[in-house]
Each structure stands twice: as C-alpha cells, then as structure tokens.
Participant: 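Dumping the structure here so I can ask a few things about it.
Quick note on labels: first sequence line is chain A, next is B, and so on, each numbered from 1. Predicted model, so just to flag it, every value in this text is computed and none were measured.
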Amino acid sequence: MNQEINFIPLDYDYFDWQGKNYVKILGRDDKGKRVCLIDRFEPYFWAILKEGTSDKKIQQIQDKIKKIKIKGMSRITNVEKTEIHNKNFLGKPVKAIKIFITNYKDAHPVADHLGMKEIIARREYDLPLVTHYIIEKKLKPLCWYKISGEILNNSQEFGGIDSVLEVDTCIKVEKISELSDKPAFQPKILAFDIEADEFEIGKGEIVMISLVSNSLKKVLTCKKTAKKQDYVETFKDEADMLEAFVNIVKEQSPDLLVGYFSDGFDLPYLRARAEHNKVKLSLGLDGRQPAFARGRLPSAQLFGIVHIDLFRFISSVYSQYLQSETLSLNEVSSELLGEGKKDFNHKHSSKLDHQEWLEYFEYNLQDSILTYKLAEKFWPDMLELSKIVQEPLFEIARNTMAQNVENYIIHNLEKYNEIAEKHPTHDEIGERMQREKYEGAFVFQPTAALYENLAIFDFTSMYASIIVTHNLSKASFSEKKQPGFLEVDIGKDKKSHKVYFSSKPSFFALMLSEIIEKRKKYKAEYKTHPSALTFATSNSYKLLANASYGYQGFFGARYYCVEAAAATAALAREFIHNLIEKINKQDYKVIYADTDGVSFLLQDKTKKQTFDFLKQLNKQLPGIMELELEDFYKRGLWVTKRTGEFGAKKKYALIDEKGKLKIRGFETVRRDWCTLARQLQNKVLASILQDGNETSALEIIKETIKNIKERKIDKKDIMIRTQLKKPLSEYKSIMPHVVAAQKIKEQGKPIDIGMVIEYFIAETREKKALVREKVKLPDEKGEYNIKYYLEHQILPAVENIIEVFNINLKEIIDGKRQKKLGEF
DNA sequence: GAGCTCTTCTTACC
DNA sequence: ACTGGTAAGAAGAGCTC
C-alpha cells in the first residue's frame, strides 16, 4: 500500500537487515501522528587518486577494488560498485573512485585493502552512518518533507520491524521531497527527576520520581506516607513504581524526555534499579531500554524519544553567556526563569516526618517543573542549532562547539564538491598536542588611574572576519612562498616563521563568510521582528562564527591548521597595533587594549568627531572587517598589579553615562572570592566611579572592617567557593578547596570533578601556619578567622583600588596611622 | 622557621 | 580530550640560611 505524508524527522537510528544497512527515522506527520521511516542506505567512501593517473591504470585499480571481499562472522561485505568522479579535496581538483560497499561497518577493513600506490588518500569511511545518510538523502533534522512510500503493516520485511515499533505508521521510503509550506511544530516535552537515598548510582532505592508535561504534574513514590499531596501516587514497591514510570512515558508519548544531569544520574540510576528489580525499562519506541554510549561522559539514548540532558546542552553551548557561577538547576533556573528550587533539607527517607515528606514531594515536583520550563526556554536554541548544523537533536544536545563547527562544515561540503577530510589518528592528535603554543593576542599595558570620558572601539567578530578576509585555512595554506599568496609571519620570540595563504577563497572561508552574513541578517531581523526563534537562529550563527577560529587550532579537528590559527592571531595583533597608533595620532589617548578592542580618552573631542573618525577608520579596513563603537563611558578605573608597579591587564571598571557599571576581571566577578569581599569591592568601585573620588569608598571599607572585627558578618558571606578540576588523588598541591573536598568525602558524600566546593577559614586553637589547616565546611562549628578575612579577602580586594588615590590601606589596617584614622 | 622563588591551581578576559 | 592564547593572583612546595 502506497502513501504520501508530510513528515518532520526527530530521531535517527540504523540497523542491519540481511547484511545491509537501513536507517530508521522517527518523527511526526502534520497531524501529530508518530511515523517511522525505513530507508535504505547505500554506504560508500572515496579513494582519491594521484594526479595524472592514467585511465588505463584507473581501470586496473577499479577491477582490483571490485574483487575485495570481507568475510566476517555474520556477514560478507563486497564492493558493490565503483564510480569515477571529479571532486575537490582541500580545494584542489582530484579524480576519485567512489566505492560502494555492502555494509558500512566494514568500510574500515575495505579501506585497509587499498594499498595501491596510486591511491593517495581514503576518505569518508569515518563519518557516522547517520551523518552520511542525512547528507546523501537530504533528510535534515527538524525540516518538513513530503515522503512517499509503502506502508508496512505487519509486514515480514525487515524481520517484522513495524510490529515492534510503537508508532502510528511505518513507511518504507520511496521518495523524499522538501515541503514548501512548513506546518508549525511544537514538540511534546516530558520532564522528569528522581530522588534516591544514596548518591552512588543504584546503591539505594529510588524514593520518588516526578514527571511534568503540559498535561501532567505527578510524583510517583514507593514509600507509604501518612500525608501526601493530590499529585502524589503511591506504589506498593519500587518495581511497581518503575513500571508506572515506564507506562506514563508511553501514555504521554513525548518527543523529548528531558532531565537535568540525567545522562550522569537519573537515567543510569533508573537503569540500575530496574535491573535490580528485574523490571524492563523499555522506554524506547522500539521497546528497547536506554542505551548508554560510552565516552568521556555517558549518554543515555532511547530510540524515538529524544532524551535530552539539559545540563549538558547548557554547559557545552550556553554556559559562557550565563551569569550563573555554577550550572546547578537552582542557579540556572533562578537566572533564566526567575524561579529556583524549593528549600528542602535532604535526609534519608527513613528519617522524614510527615511535614518533611510533603516538602520532599514538592521539592521533587518543582525540579521537574523547572526542567520543563528550561526545556521550553531552550527549545528554540536546540531546534535552530540542529537545523543549521544538520545533526539530530540528540547529538546537538551533547556535542561541543568544536563538533558543531565540524558538523556544519561536513554537511555543507557538497556545494563545493569537496570530499571530507578524515578525523586525526591517535598519533596525530598526540603530535598536535605536543606542538609549542603559538603567539596569541596583544594586551596593552595600562597605567593605573581613574580616567574620565572614554570610548571603546572594537572589531566585530574580529578573528572570524580576519579568517574570511585573508582566507586563512588548511585548504589555502602553503609552507612555501608562492606568487600571489599572502605572507604572514607567525614566528615567536623574535624568530621569524613565514607562512603563506592562497587568495583563491577556500570553502572554509566561504562557509564562515556565509555564517557571518546569516548572523547579520537574523540579528537585523530580530531587531525589527523580535522572536525567540530568530534570536536563536542569530545566536546559533554567532556561536559557530565565534568557535571557528579556535576550531582551526584545535588538535582534534579534521580541518586542523595551526598555521591558519597563528596567522589569524598575528594579523589581529597587527590590526590592533595599527588602530592604537591611528587613535593616538588623532589626539585621542589610548589607555588600554585587549585582543580586538581599544579603550581611549576622548580628550577634548566630541562624540560626533569620534563617530566621523570611526567611519573614516572603517573605510581603511579590508574585506569584511569592521570596527564599531562599543560605548562611551563617563569614568574608568585601572589598578596596579598586586606584585609590581605596572597597571594590571584584564582588570578594569567602567561607568557609562546612564550610571551602569561594567566590571571586568576584578574579584567582584570571580566566584572563588567570598561574597563579603566581592560585595565590598563592588560597592567601592561603584562609589568611586560615581563620585570621581574615594571619600565615601573609604567609609564603606571602614564600616566593613569594623563589622568583621566585631564578628557581625553573616556566615554565608564568608564562604569561599572553588571548583574541583580533577580527581582528588591527582592534586600535587593540597590547597584549601582540596582539603574541604576531602572532608566532604569523609562525611560519605560523593566527590566529583566539576563540583564547586564551599568552605570557610576558621579560627584555630593552636597557631597554624597553613590556610588549609583552618578550612571548615559550611555546616561545621567554628568562628571565622578575622585575620584571614581582613588580610586575605578584604585588603586584597580594595587595596590597589584605594592606592590609585595614593592611600596605603595596609598601613591603616596595620594601625601605623591609627592616630589619624583611629576609627579603623 | 622565616623568607624567598617557583610551581600549581583556578578563574578571569577576549 | 572534545575551540584558542593571555593574564592575575592565592597558596603550597621547595629551597636557603
């Protein structure tokens, strides 16, 4: 039976049938029905031929290739056919043999049989099957298509796959065409969260599971409690509760199953308890249990329902744009939703009283509510990134930006008739990692002072625009001088090292130029017609553009080219130096610069003169390079380094004409300083920048010092937070946060990389020399160490700010000038 | 064990 | 190991005297 439907793909998987590869794609039709497509994938890869190989020789090689046979345990792979194509590889025209094989899994062993000396490279046998499929059949994730094909209804084809799949329709694809009008698509989201008595995966029972969607708010528990809310349902045991969980997921039939840290906790825990209780956790639409892909971080995958761990998406793609200092659900949702987690003092479930049970249920439900709301908030971002990068949602939610850049390139190579470069081998990665660092950005040495009337110019997407304008990439790079090539010196420490780049635009530069253009287009569109979707589109292009420079210098990149990265940085230095010179020549005074931005004093110049000057500067810039006014500022403060008399780089505070502060690098913005020091410094900076003098700032400092000495400081304000960056055992230097982490471990709590450890420095009975010997955890009894907080938190935070006014705060605190300023 | 430099470590900037 | 280099600064490690 043949049918035609409108279809949007959400999830991709593949399977073998009679030794051949098939892809199954799960999505929805325009009526919201679940549809699974089954499509054949004819795997192939490329053998690139040496230039000038004769047609006769090529014919001989083809004949040889056709005879290759791989006999495995369960299947035999043959070379099905070969074709000769004119392709490009790294921008150069090549002749290549397209080798079609029976099964993709044998691509590697087949490639290993291609030792002929005329074959200079074998490519695209290392692309993931689904990626290859999307490129080949042009069935991009989350775009609408018209599909025609044969409906499978209890068909024996593919071993009766359609009767196993829990879908409305299963279609064997015959034709795919793009749909011109695009029906709206809003995914059904189901958020979930579990609570357990133990932190260790699977160790204790799961106490409760909450589930939230647009039509559901529920908490499942296997504990008998005297009181419970209406949304709580009690089950006789854990096994029953787990089965109910599976059934609710099936009833809800969501497109996305969303958790927060669920790759690392909730799903592994559920699996472990399901195993323990001999319950089948068949959440996938194919009836399978979650599959855990190994990797640095585990990924829990279900077929047909896209499992998204929002924590992972946020940390790999969005964290740099968040203010939150940890990526905890509480902080992230407070920032983005204006609503945090419910208060609940965690206890073992056997020790909870009636009231605490009610609080616990509410707490658990709230976690799912927050996760649900965050998923709604991030849906446009995941959707757009998935459509632009053309990789499935499951991957998009887990990939890093380097992978996104790479996938964008791979999915866009066809336009340039390019064969994809291979992934570096383990040895190549090792070599790349051992390479010496190249010289990076220039940072101007400022002079510490309080300045008035400033402006900042900066280059828009500087590195990306340099790459595009100067065509810096692997495909255009040459070690040797060639006519018409751009010469860039990427030498370090006064040693010259010249590299060259062709002026013929490479696919890398062209793609990046398109990314920048699209970013501009959608940014403008957002300005006139603001919507979450256009913002997400614009933002996705921005993220890709920003990561492209780092990508070329990244050791794991297929299109790795440090020379291009080093040349980008070298040219950026040249541009910023020239800019500084031009600004100073115009009778402005440059006081600071870092990478792509310059801060300068207006002196007696007007804003109009400055805008005209900017226009003039822009006329002199090549290609797509562009300089913009960041803003005008009323005052700006730069301080000296704590060691030495020079101005500190990457540390300054500005106030604009509306009185808004912009603080960079100062302790105020560093999470490893206590709130007390950070808030005090913030107040001091604000008052100095507002008033233009230090008078009231000194009063604020005085007051704080007095409060510290009188032990009036709230305990929460003296907590120091530091992140664990590696396993406890790997620390060579035992620092305060390591000691704090050890203490937490002794309490039987789990310690993991990435955790932010909280502690304070306490008074000790005996005199202790080291800070780490005075470390206490927030819940430990003990008074804060006055001397430590005065000398190691407060003083360093404000000392060099006050020093700008030639006042020595240290002497004041030490009491050397107590007669003059006795109140200290 | 005071006083110094060097190393390790974290977190910022762009 | 999962974009790059530049920089500040705390605290421990290791040394000398």
Participant: Below the 4.0 Å mark, does dC9(B) have OP1 or OP2 next to a side-chain nitrogen or oxygen of Lys726(A)?
Facilitator: yes
Participant: Which whole-number value in Å describes the distance from Phe554(A) CZ to dA1(C) C1'?
Facilitator: 6 Å
Participant: Can you check the Glu439(A) CD to dT6(C) P distance for me, whole Å?
Facilitator: 7 Å
Participant: Can you measure Arg435(A) atom CZ to dG4(C) atom P for me and round it to whole angstrom units?
Facilitator: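 One finds 14 Å between P of dG4(C) and CZ of Arg435(A), rounded.
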Participant: Which whole-number value in Å describes the distance from Phe666(A) CZ to dA7(C) C1'?
Facilitator: 14 Å
Participant: Could you verify whether a donor N or O on one side chain and an acceptor N or O on the other, from Tyr551(A) and Glu406(A), lie under 3.5 Å apart?
Facilitator: yes
Participant: Partners of Ser599(A) by side chain to side chain donor-acceptor pair (under 3.5 Å), sequence neighbours excluded?
Facilitator: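 With neighbours one apart ignored, the set is empty.
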Participant: Within this structure, what is the CZ-to-P distance between Arg558(A) and dT3(C), rounded to whole angstrom?
Facilitator: 15 Å
Participant: Of all of residues 576-583 of chain A, which get a heavy atom below 4.0 angstrom from DNA chain B, listed by number?
Facilitator: none
Participant: Give the rounded distance in Å between these two atoms: CG of Asn546(A) and C1' of dC13(B).
Facilitator: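 Whole-Å distance recorded here is 14 Å.
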Participant: I'd like to check the side-chain contact (heavy atoms from CB on, under 4.5 Å) partners of Pro298(A); sequence neighbours left out, ordered by chain and number.
Facilitator: none
Participant: Output one letter per nucleotide in nucleotides 9-17 of chain C: B when a protein non-hydrogen atom lies under 4.0 Å from the base, S when only the sugar-phosphate is that close, - when neither is.
Facilitator: SBSSS----
Participant: Taking only side-chain nitrogens and oxygens of Thr722(A), does any of them come within less than 4.0 Å of OP1 or OP2 of dT10(B)?
Facilitator: no
Participant: Just jot down the side-chain contact (heavy atoms from CB on, under 4.5 Å) partners of Ala797(A), sequence neighbours excluded, or say none.
Facilitator: Ala677(A), Gln681(A)
Participant: Side-chain N or O of Gln723(A) less than 4.0 angstrom from OP1 or OP2 on dT11(B)?
Facilitator: yes
Participant: OP1, OP2 of dC2(C) versus side-chain N and O of Tyr560(A): anything below 4.0 Å?
Facilitator: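 Checking Tyr560(A) against dC2(C): no side-chain N or O falls below 4.0 Å of OP1 or OP2.
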Participant: Tell me whether the side-chain N/O atoms of Lys650(A) come closer than 4.0 Å to OP1 or OP2 in dC13(B).
Facilitator: no
Participant: In whole angstrom, give the distance that lies between atom CD of Gln681(A) and atom C1' of dA8(C).
Facilitator: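 Those two atoms, CD and C1', are 13 Å apart.
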Participant: Name the closest nucleotide to the Arg671(A) side chain, picking from dC14(B), dA12(B), dT3(C).
Facilitator: dA12(B)
Participant: Does a donor on one side chain sit under 3.5 Å from an acceptor on the other, for Gln301(A) and His307(A)?
Facilitator: no
Participant: Using C1' atoms of five pairs at each end, report the bend of the helix from dG1(B)-dC17(C) to dC14(B)-dG4(C) rounded to 10 degrees.
Facilitator: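 If I round to tens, the end axes sit 10° apart.
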